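Worksheet: the structure to be examined is printed underneath.
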There are 2 protein chains.
Amino acid sequence: MENAQDHMTTASAEGLIAFAGVTPRKRGARMNTWQSVRADVMERIRSGEWAPGMLIPTEHELAVELGCARATVNRALRELADGGILQRRRKVGTRVTARASRRARLELPAIRDEVEALGQTLGYRLLHLTTAPGPAEARKALHIIAGTRVVQVTSIYRADEAPHCFEQIWLNADALPRFDAATFEAEPPHEWLARSVPVTQAQFSILAEPASDGAAEALGVAPGTPVLTIERTNSLNQIPVSFARQFYPPCYRLAMAD
Amino acid sequence: MENAQDHMTTASAEGLIAFAGVTPRKRGARMNTWQSVRADVMERIRSGEWAPGMLIPTEHELAVELGCARATVNRALRELADGGILQRRRKVGTRVTARASRRARLELPAIRDEVEALGQTLGYRLLHLTTAPGPAEARKALHIIAGTRVVQVTSIYRADEAPHCFEQIWLNADALPRFDAATFEAEPPHEWLARSVPVTQAQFSILAEPASDGAAEALGVAPGTPVLTIERTNSLNQIPVSFARQFYPPCYRLAMAD
DNA sequence: AAGTGGTCTAGACCACAGT
DNA sequence: CTGTGGTCTAGACCACTTA
């Protein structure tokens, strides 16, 4: 017996029951963590004990059965519902999802992190900077009205000299700190943006497109080659401050699990 | 926009009757919910009070300042860290993320849900079923070894008669319940899969590709047209049971926010 | 050794939605 | 009405990391 009684402050009856039955804290024994509850639930789903579409026991029932607090069960079931494994409704209960839908967490890393995580060196070069208001898509994303100053920045990112990403970004100059061409010769727009303003909301869109002439040249592929496009709108306090289109060559993949 | 007296509840809890203090339910008053704490933190980040890269107060300090339990603060900060807004490390503290990275939740709905959510009618047709072991990619994803029975199912989904998605799926027949051609004439493979086995893990990959001849014909586009490809591997208890490639025409977008 | 986040608990009240 | 999930609280212990 190690630490004899650490629960003296709480009800001693609880402590006795714990010793006799559940043994909450043994050497290699399993504790009642929310992860263990989640694993237990997953196991019952996997084994078929709880089939797709079926109603599972209530939080209270599970807490009693597993000998843990309802809050712990709640945490576990909430995580599973977050991932689309379960569906929860008040008064009704918790159901095993019968659909093939999933909610996966997608990492949209900064390009620098993405490249350096592979042990490669990021190369960045500013290709073009102009005050053109941009295409209709960019104007719409930025809620541009007449007179708004918009700056378009075009640049290329390389991973160990190989083209990695071609980026066009439109910045709402009226809603951002001062910047000029020298700013983006020294630093990628998104890094400057992250340092300069606390972006509070981001929207993303992913699609497949044929490479434009400019993108094709920068990426070293033939015009019309399929490229993966990630559109990103950054907002600050409901006001869009930047709209970016990032183009990745065909070898690029966005991967995620569960 | 806020009025000056937010802390009446905590003040009265100390001075007046327990009833009024413990239940601060006033008409328009807001309680200390974890959402309100999250909003408060976001507001301070947005206002620049807490700049990117900066260390914010500890959970305990925030709990005291906001007059709520530390668990409530923890929930709020955990949600923000989940979204990539904050970074937390034990003993060090909580920092405002200075990078442009974000973690967004991507919904990969079942095709039926996706189409019907737009008020359209889903059309499904089985195009082809064969026992071919499939390309190297599929064999690798399914961990195929010699002798494993693999069935390839090719099908087309339509939304109100317009081609919506061309799908190729390879099924590990040795790890699944019995099925045959009639099974998938009646029901899309993923719906049958979701009904039949409790898929416990899914992996996704998103890329842009030129449409193959088969995909182009089914989708009604020219061969070589860029298509958005979503690859999905479903696993049951660590064993891959299906590998699917879904091809979407150029108009298709995956959208997400936050 | 000490400080910070991570989690568990037991109890309580509330919000919502079927009955 | 009743039952279910959603959340808050106060306290406690634990895990990890830095000093």
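Order of the sequence lines fixes the chain letters, A, B, ..., with proteins taken first and strands second; residue numbering starts at 1 for each chain. The model shown is predicted, which means the values in this text are computed figures rather than measured ones.
Applying the 4.0 Å criterion to OP1 and OP2 of C:dG6, one finds that A:Gln35 has every side-chain N and O outside that range. Using a 4.0 Å cut-off, no side-chain N or O of B:Arg70 falls inside it from OP1 or OP2 of D:dG11. In terms of phosphate contacts, B:Thr94 brings a side-chain nitrogen or oxygen within less than 4.0 Å of OP1 or OP2 of C:dG5. In this model, the phosphate group of C:dC8 is not approached by any side-chain N or O of A:Asn32 to a distance below 4.0 Å at OP1 or OP2. In terms of phosphate contacts, A:Asn74 brings no side-chain nitrogen or oxygen within less than 4.0 Å of OP1 or OP2 of D:dG5. OP1 or OP2 of D:dT9 has at least one side-chain nitrogen or oxygen of B:Thr72 nearer than 4.0 Å.
Between atom OG1 of residue A:Thr72 and atom CD of residue A:Glu59 there is a gap of 10.5 Å, rounded to the nearest 0.5 Å.
Rounded to an integer number of Å, the gap from B:Arg38 CZ to D:dT7 P is 10 Å. A straight line from CZ of B:Arg78 to P of C:dG6 spans 8 Å, rounded to a whole angstrom. When the C1' atom of D:dG6 is taken as reference, atom CG of A:Leu86 falls 16 Å away, rounded to whole Å. As a whole-Å value, the separation of B:Arg88 CZ from D:dA15 P is 18 Å. Between the P atom of D:dT18 and the CZ atom of B:Arg95 lies a distance of 11 Å, rounded to the nearest Å. Atom-to-atom, CH2 of B:Trp34 to C1' of C:dC14 comes out at 16 Å; the value is rounded to the nearest Å. Nucleotide D:dG5 holds its P atom 17 Å from the CD atom of A:Glu79, rounded to whole Å. The distance between atom CG of A:Leu77 and atom C1' of D:dG5, rounded to the nearest whole Å, is 10 Å.
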What does the list of N/O pairs under 3.5 Å between the protein and nucleotides 16-19 of chain C look like, with a distance for each?
| residue | atom | partner | partner atom | Å |
| --- | --- | --- | --- | --- |
| C:dG18 | OP1 | A:Arg89 | NH2 | 2.1 |

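Ring geometry for A:His164 against A:Tyr248 counts as perpendicular: the plane angle is over 60°, on a 0 to 90° scale with 30° as the lower cut.
Proximity of A:Ile45 to A:Val41: side-chain heavy atoms (C-beta onward) are separated by under 4.5 Å at one or more points. Counting only heavy atoms from C-beta outward, the side chains of A:Arg112 and A:Glu191 approach each other to under 4.5 Å. A heavy-atom distance below 4.5 Å is not found between the side chains of B:Arg75 and B:Val37. Counting heavy atoms from C-beta outward, A:Leu254 and B:Leu207 have side chains that stay 4.5 Å or more apart.
A ring-ring contact (aromatic ring centres under 6.0 Å, His included) check over residues 184-206 of chain A, counting only residues at least two apart or in different chains, returns the pairs A:Phe179-A:Phe184, A:Phe179-A:Trp192, A:Phe184-A:Trp192.
Of the two residues contacting DNA chain C, namely B:Ala71 and B:Thr58, the nearest-nucleotide position lying further toward the 5' end is that of B:Thr58.
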